[in-house]
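A quick write-up on the structure given underneath.
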Amino acid sequence: MEAVHASPAATAPEYLGWLESLPDGHPEWKRLAGHLTVGETYFFRDGPCFRALREHVLAPLVAARRAAGIRRLRLWSAGCATGEEAYSLAIVLDDCLPEWSLWAVTILATDINAAALETARCGVYREWSFRQTPPWLRDRYFCRREPGSWELVPRIRQMVTFVPLNLAADGYPSILTNTTAMDVVVCRNVLMYFTPAAQRAAAARLAASLVPGGWLVVSPADAPGHAYALLAPVNFPGAMFYRKDAEAATAGSRPGPDATDLPEWLDIPADTMPTASTPPAPGRLADEPAGCPSDLERARELADQGSLEKARLLCEAALERDRLDPEAHILLAAICQERGDITSAVEALRRVIYLAPDSAPAHFLMGSLLLRQGERALARRCMETVVDLLDSASPDEVIRSSDGLMAGRLLETARAYLELPS
């Protein structure tokens with residue numbers, strides 16, 4: 001009834017009738033989802049799961065990456081609620097990767113509930129969140145703020161990026177939502193609330209978000225095993241995870257208004273912007289036969305597989321031939337983001353906005369990066385630009401340079417960002 005009382009309707013039947021009249025992307029649907037979702041969580045919920053994750057997934061992965069000289073890890077807490085799970089991941093990673101500050105580490109945390117995300121960002125928790133946490137761990141990673149209240153230390157809090165995302169929608173995997181090339185996706189006690197068809201669709205999207213060899217961590221109650229058809233089950237003591245092998249990776253591969261004024265905050269020096277000094281050329285090498293994938297197509301495929309350095313080189317090869325191609329700059333920005341090079345990602349997006357100021361994907365990605373850097377006011381302005389650009393677009397229109405996202409979905413996600421407190 002809380003949703004009814006917060007709406008223009010006086011009764012539940014009136015509220016249901018009003019809901020039926022609303023389009024799919026209306027903010028009321030997200031508010032209703034916030035009332036219906038269960039945010040029950042606490043630190044290190046399900047100890048056997050976290051032990052298996054540390055001992056059999058993260059520790060071997062860190063050792064393999066360290067031996068190969070690849071200092072990069074990407075983790076995603078999907079359906080993070082108030083953040084305890086995501087911060088538990090950060091604490092585990094801090095334990096098995098003491099030099100994590102020298103690595104490009106991404107811990108993405110997403111949820112549909114804006115209020116829960118704000119609680120997570122603050123990093124302040126009551127005693128109830130520690131009901132299965134040993135006192136020494138709380139003493140090591142938290143500072144007492146007031147009686148019964150504990151604040152997470154800044155270095156752990158800064159490891160996690162909290163952003164809105166609806167797991168029941170098709171806004172992932174996408175370079176724009178930073179949900180590609182994940183080594184580990186933890187999505188526990190979320191899919192259990194979906195219909196069987198929605199469970200299968202979400203599981204397929206989560207599988208596509210993983211690199212080959214990546215891990216999906218779910219709870220036993222989330223969905224029946226056949227929902228994870230693209231992944232291989234792996235049993236550990238007290239836990240069962242799903243892993244994406246090479247065969248599954250191949251099977252699961254995923255296939256506006258005028259805005260001529262640049263935002264003044266960009267302050268782009270003219271001599272740093274791309275020019276037409278290099279004549280535009282086709283997107284594939286001269287000796288390649290017709291029908292071969294372009295450098296950008298290959299770069300996107302490699303980025304999805306986690307081969308980010310090769311993907312970056314292909315992007316730069318494409319830009320050598322055509323420095324005025326906004327799509328190449330957007331893909332390069334996304335690859336730089338996945339590599340942890342946020343400065344280069346922002347610089348690439350500045351060039352896109354100079355070349356194509358009406359590019360909604362560029363403004364969206366810029367906003368998400370600025371939010372990651374704590375520039376919330378500037379991030380909000382970017383998302384407002386996205387809304388202005390897409391508000392009159394057809395919801396079913398596929399947006400270029402967006403990994404196949406439709407205008408309605410990107411508009412919905414941008415509005416979700418704007419619901420976050422300033």
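One is the number of the first residue; the rest follow in order along the sequence.
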*Tell me, please, whether W136 has R140 positioned over its six-membered ring: NZ or CZ under 6.0 Å from the ring centre and within 45 degrees of its axis?*
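No, a cation-pi geometry is absent between R140 and W136.
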*Taking the six-membered ring of W150 (Phe, Tyr or Trp), confirm whether the NZ or CZ of R138 is under 6.0 Å from its centre and within 45° of its axis.*
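Yes, R138 sits over the ring of W150.
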*Under the criterion side chain to side chain contact (heavy atoms under 4.5 Å, CB included), which of L296, D403, D295, L319 is the partner of L331?*
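Considering L296, D403, D295, L319, a side chain to side chain contact (heavy atoms under 4.5 Å, CB included) with L331 is found only for L296.
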Pairs of donor and acceptor atoms involving the side chains of residues 92-100, under 3.5 Å and at least two apart or interchain, shall be tabulated with distances.
from, atom 1, to, atom 2, distance (Å)
D94, OD1, W100, NE1, 3.1
D94, OD1, R155, NH1, 2.6
D94, OD2, Y141, OH, 2.7
D95, OD2, R54, NE, 2.8
D95, OD2, R54, NH2, 3.0
E99, OE1, R66, NH2, 3.4
E99, OE2, R66, NE, 2.9
E99, OE2, R66, NH2, 2.9

*In terms of the angle between their ring planes, are H56 and F236 parallel, tilted or perpendicular, with boundaries placed at 30° and 60°?*
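If you compare the ring of H56 with that of F236, the planes turn out parallel.
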*asked:* In terms of relative ring orientation, are Y242 and Y228 parallel, tilted or perpendicular, with 30° and 60° separating the classes?
replied: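 Tilted, since the angle between the ring planes falls between 30° and 60°.
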*Output yes when R381 and E384 qualify as a salt bridge under the 4.0 Å nitrogen-oxygen rule, no when they do not.*
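Looking at E384 together with R381, the answer is no, because their closest N to O distance does not fall below 4.0 Å.
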*Salt bridge between R312 and D341, side-chain N to carboxylate O under 4.0 Å?*
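Looking at D341 together with R312, the answer is no, because their closest N to O distance does not fall below 4.0 Å.
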*Roughly how far, to the nearest 0.5 Å, is CG of D111 from OG1 of T82?*
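Going from OG1 on T82 over to CG on D111, the span is 8.5 Å.
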*Find the distance between OH (Y42) and OG1 (T133) and round it off to the nearest 0.5 Å.*
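So the OH of Y42 and the OG1 of T133 are separated by 9.5 Å.
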No-hydrogen, no-angle side-chain donor-acceptor test under 3.5 Å, [X] and [Y]:
| X | Y | value |
| --- | --- | --- |
| T41 | E85 | no |
| E338 | T180 | yes |
| R409 | N166 | no |
| T110 | W76 | yes |

*Is a donor on one side and an acceptor on the other found under 3.5 Å between the side chain of R298 and the backbone of L314?*
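No.
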For residues 210-222, which side-chain N or O atoms pair as donor and acceptor with protein atoms under 3.5 Å away, sequence neighbours left out?
from, atom 1, to, atom 2, distance (Å)
S219, OG, N189, N, 3.4
S219, OG, N189, OD1, 3.2
S219, OG, D222, OD2, 2.9
D222, OD1, N189, N, 3.0
D222, OD1, V190, N, 2.8
D222, OD1, L191, N, 3.1
D222, OD1, M192, N, 3.4
D222, OD2, N189, N, 2.9
D222, OD2, S219, N, 2.9

Considering non-hydrogen atoms only, spot the tightest contact between [X] and [Y] and give its length.
| X | Y | answer |
| --- | --- | --- |
| M383 | S368 | CE-N, 3.7 Å |
| L390 | A407 | CD1-O, 3.9 Å |
| A227 | A203 | O-CB, 3.2 Å |
| N113 | A115 | OD1-N, 3.0 Å |

*asked:* Less than 6.0 angstrom separating the ring centers of Y87 and F162, yes or no?
replied: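 Here the rings of F162 and Y87 have centres that are less than 6.0 Å from each other.
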_Are Y417 and F364, when compared by the centres of their aromatic rings, separated by less than 6.0 Å?_
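Yes - the distance between ring centres of Y417 and F364 falls below the 6.0 Å cut-off.
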*Quick one: side-chain hydrogen bond (donor to acceptor under 3.5 Å, both in side chains) partners of Q199, sequence neighbours excluded?*
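Checked Q199 against side-chain hydrogen bond (donor to acceptor under 3.5 Å, both in side chains); zero matches.
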